[in-house]
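Predicted model only: the values in this text are computed from it and were never measured.
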Amino acid sequence: MTALTVTLTLVASVALLLRWQRPAWYWMSFGIAFAVVRILARYASVMDACGLTVPPSRWRLALARMTGRPIPDSRAPQILRLRPTRTGLVLRVKLRPGQDAFDFSAASDRLRHSFVMQNVTAREIRSGVVELRMTGYDVLKRVQMPAAVRGGVMRVPVAMREDGKVYYRDYRQTPHALNVGATQSGKSVYQRNLVAALATLDVALVGIDCKQGVELGPLARRFTALADNPDAAADLLDALVEHMEDVYQLIRSEQRLSADLPDVEITADVWDLPDHLRPTPIVLLVDEVAELALFATKDEEKRRDRIITSLVRLAQLGRAAGIYLEICGQRFGSELGKGITMLRAQLTGRTAHRVNDETSANMAFGDIAPDAVLATVQIRTDRPGTAVAGDSSGGWVRIRTPHLTLRRAVNIANSHAHRTPEIHALDAFRPVLPPLGKATAPSTVTAPAIA
């Protein structure tokens, strides 16, 4: 008996230690078994308490009256499958007549408390079937991306979702995106993760960083073109527009519109071109877009209009030419001047980190997902990297990017520098850097004296 007591005490101590220090290990070793037993034992009562049962049908009531039996109880949705995952459980249920997926979405918070889970989300699989994805622990507290993550063509993993899935940035599905967030909200780390993931693909990275290149400059070996001030940015955008027009001329010449060819071979974008003719896709990253829209003189106003016009043209026409936009900023509202709202309307993807006011959240989600506005303003200051990601369809989810140090991001960019393509139209903006492996002379620039 003493040995059994010692063993149980040791197991309980290990479980408590894992739950505190390694919640993922605790979930895989102990949490799954406890959660499955708890859900199966409480299922019927929880469904009834959450209003997710239906009364017995008329024929069952009539049969009970005819036979003198008690009135049958309300019926809960039928469990089709209960599957454990690395971060939680997936419960698939068959709806009873009269139920819909919205009932489960509305009751997700009550289900979370009843089943003692970290998070519960509901989605419709097909007509009559709903999937409840439950998270067993807070996956956003200490983000750990899976070791093996499947990407794809222009599809890269950048963050972890609150339901335990990997969040992907898919440029072919969502060509252009807006990323807003206050200072120290994790916006730059999100961009850093994005560059590190894109560095492994055969894609051209073009950057505009008006903070004299302090954010994107260290990653410049993987950039085909880089502008670090508004004047250079205006010229770079003009060159991109010219490149886009050249790509459309190529597509036009290769559309294969002859009557003897089947319709499936007619091309309308770069992805339908033969591999040997397809231009390299381009991802344009703009850091602090407000610096491009602000002006103080007439000349700066002309430059600003030229920049915004080019960005709008690239957002409207760039997708078919293989040009994708990733625009970052602390605010992105109409106070930045004419053309800004037109540009924002073209940015399908929306990512909002912690903001300082509700108005900034409305700039990202106010016109597509009002619920996401509330979720954005509730992001805690002690969790940098947490964001709300969605698109123009209205769907949204909480995500958090893993912390990626600048040193590690630079190492990734340098190791894939050989993938940096040369685009003739952008040669004038290619970063000039010393060869790898050679130490550079220390800078002689000193900080200005503070009076």
Side-chain angles (χ1 to χ4, degrees), residues 86 139-140 143-179 181 186-209 215-216 218-226 269-271 278-287 315 318-319 321-328 347-353 385-391 395-406 408-421:
R86 187 178 65 90
V139 297
L140 301 185
V143 179
Q144 294 180 339
M145 300 289 285
V149 181
R150 293 182 180 180
V153 179
M154 300 303 296
R155 183 174 183 262
V156 292
V158 292
M160 181 68 74
R161 295 163 42 126
E162 66 176 344
D163 59 3
K165 290 183 177 181
V166 176
Y167 175 74
Y168 292 90
R169 178 71 177 92
D170 192 338
Y171 285 93
R172 295 192 64 181
Q173 182 179 2
T174 308
H176 314 304
L178 171 65
N179 179 15
K187 185 172 74 276
S188 297
V189 176
Y190 175 90
Q191 184 176 247
R192 197 180 299 162
N193 275 274
L194 193 59
V195 172
L198 288 170
T200 63
L201 304 180
D202 293 324
V203 60
L205 299 180
V206 176
I208 296 177
D209 181 5
E215 292 287 350
L216 300 179
L219 311 171
R221 294 190 186 279
R222 186 56 184 85
F223 276 78
T224 299
L226 186 62
D269 61 28
V270 295
W271 299 107
R278 183 182 302 130
T280 303
I282 297 174
V283 177
L284 171 63
L285 297 107
V286 180
D287 189 72
R319 195 247 353 138
I323 300 177
Y324 308 100
L325 273 60
E326 197 79 33
I327 296 181
C328 302
L347 306 177
T348 305
R350 308 287 173 88
T351 303
H353 291 76
T386 304
V388 175
D391 54 43
W396 60 274
V397 66
R398 290 184 183 88
I399 64 171
R400 191 180 187 190
T401 51
H403 180 67
L404 179 66
T405 63
L406 184 57
R408 189 177 169 199
V410 169
N411 291 340
I412 294 173
N414 291 347
S415 63
H416 293 279
H418 62 282
R419 294 181 177 270
T420 306

To the nearest 0.5 angstrom, please state how far the [atom1] atom of [X] sits from the [atom2] atom of [Y].
X	Y	atom1	atom2	value
Thr351	Asn179	OG1	CG	5.5 Å
Leu406	Asn411	CG	CG	9.5 Å
Leu325	Arg319	CG	CZ	13.5 Å
Ser188	Leu216	OG	CG	8.5 Å
Ile208	Leu284	CD1	CG	5.0 Å
Leu140	Met160	CG	CE	8.5 Å

Any idea which heavy atoms bring [X] and [Y] closest together, and the distance?
X	Y	value
Thr200	Ala197	OG1-O, 2.8 Å
Pro402	Val189	O-CG1, 3.7 Å
Ala204	Thr280	N-CG2, 3.7 Å
Ala199	Arg419	O-CD, 3.4 Å
Val139	Gly164	CG2-N, 4.2 Å
Trp271	Pro281	CH2-CG, 4.0 Å

With side chains defined as the heavy atoms from C-beta onward, is the minimum distance between [X] and [Y] less than 4.5 Å?
X	Y	value
Val143	Thr401	no
Val156	Leu194	yes
Val410	Leu219	yes
Thr420	Arg221	no
His176	Thr348	no
Val195	Arg222	no

Is the number of heavy atoms from other residues, nucleotides or ligands under 6.0 Å of Arg161 CZ greater than 12?
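Yes, because the 6.0 Å sphere around CZ of Arg161 holds more than 12 heavy atoms from other groups.
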Mark yes when over 12 heavy atoms from residues, nucleotides or ligands other than Arg408 sit less than 6.0 Å from its CZ; otherwise mark no.
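Result for CZ/Arg408: open.
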Are Gln191 and Asp287 linked by a side-chain donor-acceptor pair shorter than 3.5 Å?
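Their side chains do contain a donor-acceptor pair, which is all the 3.5 Å distance test asks for.
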Check the orientation of Tyr171 and Tyr324. Use parallel for under 30°, tilted for 30 to 60°, and perpendicular for over 60°.
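Tilted, since the angle between the ring planes falls between 30° and 60°.
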Taking the six-membered ring of Tyr167, is NZ or CZ of Arg169 closer than 6.0 Å to its centre and within 45° of its axis?
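No, Arg169 does not lie over the aromatic ring of Tyr167.
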Quick check against the 3.5 Å criterion: does Asn193 have a side-chain atom that pairs as donor or acceptor with the backbone of Ala159?
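Flag not set: sc Asn193 to bb Ala159 has no pair under 3.5 Å.
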Side-chain donor/acceptor of Thr224 to backbone N/O of Pro421, under 3.5 Å:
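Yes, the answer is positive, given that a donor and an acceptor are paired below the 3.5 Å cut-off.
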